[in-house]
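Remember, it's 1-based here, ligands and their atoms both numbered in the order they're listed.
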Amino acid sequence: MINEKMEAAINKQINWELYSSYLYFSMSAYFDSVNLKGCASWMRVQAMEELSHVKKFYDFMGSRGARVMMSEIKAPQTEWESPLAVFEETLKHEQQVTSLINGLVDIAIELKDHATNSFLQWYVDEQVEEEESAGDVVQSLRLNENNPSGLFMIDKELGQRIFTPPAGVTL
Ligand SMILES: [Fe+2]
Ligand SMILES: [Fe+2]
């Protein structure tokens, strides 16, 4: 069994992961609307990754005899000023998620819940990658501000990303 406080905190995080997916689908739709197909595709892969994060929490809750409780997902933004603004928000969002994951680890430690703490380490590592990949795109876009052919190349490159579910996770 899992402590009630831990259970509630994970349910809150499941909502955040769903919101993350919703936000990235919204960003994908924005990119499609400005004909940046590669960026749009990158964002859909990102959205699918977030769903895999939901599923991983979902499965963990089941294995600990906890109940998943869904709640309202807030509406994401739908318009942005530029591709750079989208990726800057992505980076900011991932930094926020990192601090939420750290908060969950703090609760697990406080409750001496070693199983949940161990499980959460996967997310701790994942957030390092999430911040790095968003940060890399922000850097490339900053270097190519006011350079349409640079943006074209970045869009092409981002379109190469494919979705691979994390080990042991099925959607
Ligand atoms: Fe996530
Ligand atoms: Fe993420």
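- For His53, the N, O or S atom closest to the Fe ion (ligand 1) goes by the atom name ND1.
- Taking 2.8 Å as the threshold, Glu130 counts as a candidate ligand of the Fe ion (ligand 2), since one of its N, O or S atoms lies below it.
- Salt-bridge formation is not detected for the pair Lys56/Glu126: no Lys NZ or Arg NE/NH1/NH2 atom is positioned less than 4.0 Å from an Asp or Glu carboxylate oxygen.
- Counting backbone and side-chain atoms alike, Glu49 contributes no N/O/S atom closer than 2.8 Å to the Fe ion (ligand 1).
- Atom CZ of Phe152 sits in a sparse spot, with 12 or fewer heavy atoms from other residues, nucleotides or ligands closer than 6.0 Å.
- Formation of a donor-acceptor pair under 3.5 Å by the Asn117 side chain with backbone atoms of Lys112 is not found in this model.
- When the N, O or S atoms of Glu50 are ranked by distance to the Fe ion (ligand 1), OE1 comes first.
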**Request:** Report the C-alpha distance between Lys5 and Asp113 in whole Å, list the side-chain angles of each, state the deciding distance to 0.1 Å, and finish with yes or no for salt bridge (Lys or Arg N to Asp or Glu O under 4.0 Å).
**Result:** CA-CA 11 Å; Lys5 185 175 171 185; Asp113 182 347; over 6 Å; no

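- Ring geometry for Tyr123 against His53 counts as perpendicular: the plane angle is over 60°, on a 0 to 90° scale with 30° as the lower cut.
- Taking the Fe ion (ligand 1) as reference, Glu17 places its N/O/S atom OE1 nearest.
- Among the atoms of Glu94, an N, O or S atom falls under 2.8 Å from the Fe ion (ligand 2).
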